[in-house]
Amino acid sequence: VLLAQAALESNFGTSDLAVNHHNYFGIKGQYRAQGVTLPTVEHLNGQDVTVLGTFRHYPDEQAALADYAQVLAQPTYAGVHRHVATTYRQATQALRGTYATDPNYDRKLNQLIDTYQLTQYDRATPPVDSATPPTHRARPTV
């Protein structure tokens with residue numbers, strides 16, 4: 001799911017947001033007081049509308065991935081995590097209407113996962129070990 005989101009949100013890493021701002025996941029807002037305003041399409045009142053949105057600017061890909069994990073750790077995205085969503089389709093459905101306004105967001109992610117056989121990169125979550133640092137215990141499905 002993570003790879004599908006990155007592909008969809010960044011147009012396979014080619015979008016201005018990805019190339020110039022290291023934001024591969026279309027995360028809005030600011031990161032350490034850094035953001036960029038760009039046009040984006042939102043699905044509002046049953047229609048796709050182009051609006052200006054502020055997106056997070058990251059210093060590098062590592063910061064972007066760490067922040068993405070923090071975003072998905074929010075209660076809003078609880079349905080995405082492996083202990084809740086046992087399939088990628090359940091995880092993508094949990095993102096629809098929460099992560100994106102596009103009513104077809106889950107279908108678009110599923111199509112990317114199926115087309116590029118992205119499940120080949122899945123691996124089981126290792127068992128929780130008391131010696132494992134807390135930041136490595138809970139991993140989202142995405």
Side-chain angles (χ1 to χ4, degrees), residues 1-32 34-36 38-142:
V1 176
L2 178 148
L3 293 174
Q5 275 195 287
L8 181 61
E9 295 287 348
S10 72
N11 193 26
F12 291 87
T14 65
S15 72
D16 175 66
L17 191 59
V19 172
N20 296 313
H21 306 284
H22 308 286
N23 188 336
Y24 290 87
F25 299 99
I27 300 175
K28 291 184 178 170
Q30 293 189 344
Y31 177 79
R32 297 185 179 167
Q34 297 291 311
V36 59
L38 296 169
T40 184
V41 176
E42 298 290 345
H43 192 80
L44 304 170
N45 301 320
Q47 294 184 318
D48 287 338
V49 179
T50 300
V51 297
L52 291 177
T54 300
F55 295 87
R56 297 178 187 187
H57 168 82
Y58 299 102
D60 54 38
E61 288 81 8
Q62 184 176 353
L65 284 168
D67 189 55
Y68 171 75
Q70 286 188 324
V71 167
L72 290 184
Q74 297 172 22
T76 301
Y77 304 111
V80 175
H81 296 269
R82 282 194 170 127
H83 65 277
V84 176
T86 58
T87 68
Y88 73 85
R89 290 184 183 276
Q90 289 174 341
T92 59
Q93 188 172 25
L95 291 169
R96 185 181 44 164
T98 57
Y99 194 90
T101 59
D102 183 348
N104 297 309
Y105 192 68
D106 58 330
R107 289 185 214 142
K108 291 175 181 179
L109 294 174
N110 293 341
Q111 184 176 7
L112 288 167
I113 292 167
D114 294 340
T115 299
Y116 297 101
Q117 301 174 354
L118 298 180
T119 57
Q120 69 181 305
Y121 302 107
D122 289 349
R123 59 185 163 145
T125 302
V128 174
D129 179 338
S130 60
T132 303
T135 57
H136 293 95
R137 285 187 185 163
R139 282 202 263 171
T141 300
V142 292

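The first residue of the sequence shown is numbered 1, and numbering continues consecutively from there. Everything numeric here is computed off the predicted structure, so don't read it as measured data.
Between Thr54 and Gly35 the shortest heavy-atom distance is CG2-CA, 4.4 Å. Taking every heavy atom of both residues into account, Gly13 and Val19 meet most closely at O-CG2, 3.5 Å. The minimum heavy-atom distance between Leu2 and Phe25, with the atom names listed, is O-CE2, 3.6 Å. Listed here is the closest heavy atom pair of Ala18 and Ser10: CB-CB, 3.7 Å. In terms of heavy-atom proximity, Tyr77 sits nearest to Val71 at CD1-O, 3.2 Å. Contact detail for Thr50 and Pro39: the closest heavy-atom pair is CG2-CB, 4.0 Å.
Separation of atoms CZ (Arg107) and CZ (Arg96) is listed at 6.5 Å; rounding is to 0.5 Å. A distance of 12.0 Å separates CG of Leu109 from CD of Gln93, quoted to the nearest 0.5 Å.
The salt bridge (Lys or Arg N to Asp or Glu O under 4.0 Å) check on Glu61 picks up nothing, with sequence neighbours excluded. Partners of His21 according to the side-chain contact (heavy atoms from CB on, under 4.5 Å) rule, which considers only residues two or more places apart in sequence or in another chain, are Asp16, Leu17, Val36, His57.
Although no hydrogens or angles enter the test, the distance criterion places a donor-acceptor pair under 3.5 Å between the side chain of His81 and the main chain of Leu72. Of the possible polar contacts, none joining the Ser15 side chain to the Asn11 backbone as a donor-acceptor pair under 3.5 Å is found. Checked by atom type and distance alone, the side chain of Asp67 never pairs as donor or acceptor with a backbone atom of Ala63 at under 3.5 Å. Distance alone, capped at 3.5 Å, places no donor-acceptor pair between the Glu9 side chain and the Gln5 backbone. Here the side chain of Asn23 pairs a donor or acceptor atom with the backbone of Arg56 at under 3.5 angstrom.
Donor-acceptor pairing under 3.5 Å is lacking for the side chains of Thr119 and Asp122.
Using a 4.5 Å heavy-atom threshold, the side chains of Asp106 and Leu95 count as separate. The closest side-chain heavy-atom distance from Tyr105 to His43 is not below 4.5 Å.
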Derivation and outcome, side chain to side chain contact (heavy atoms under 4.5 Å, CB included), residues Tyr58 and Ile27: CA-CA 10 Å; Tyr58 299 102; Ile27 300 175; 3.6 Å; yes

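A salt bridge links Asp114 to Arg89: at least one charged side-chain nitrogen sits closer than 4.0 Å to a carboxylate oxygen.
The aromatic rings of Tyr68 and Tyr99 sit perpendicular, their planes meeting at an angle over 60°, well past the 30° parallel limit.
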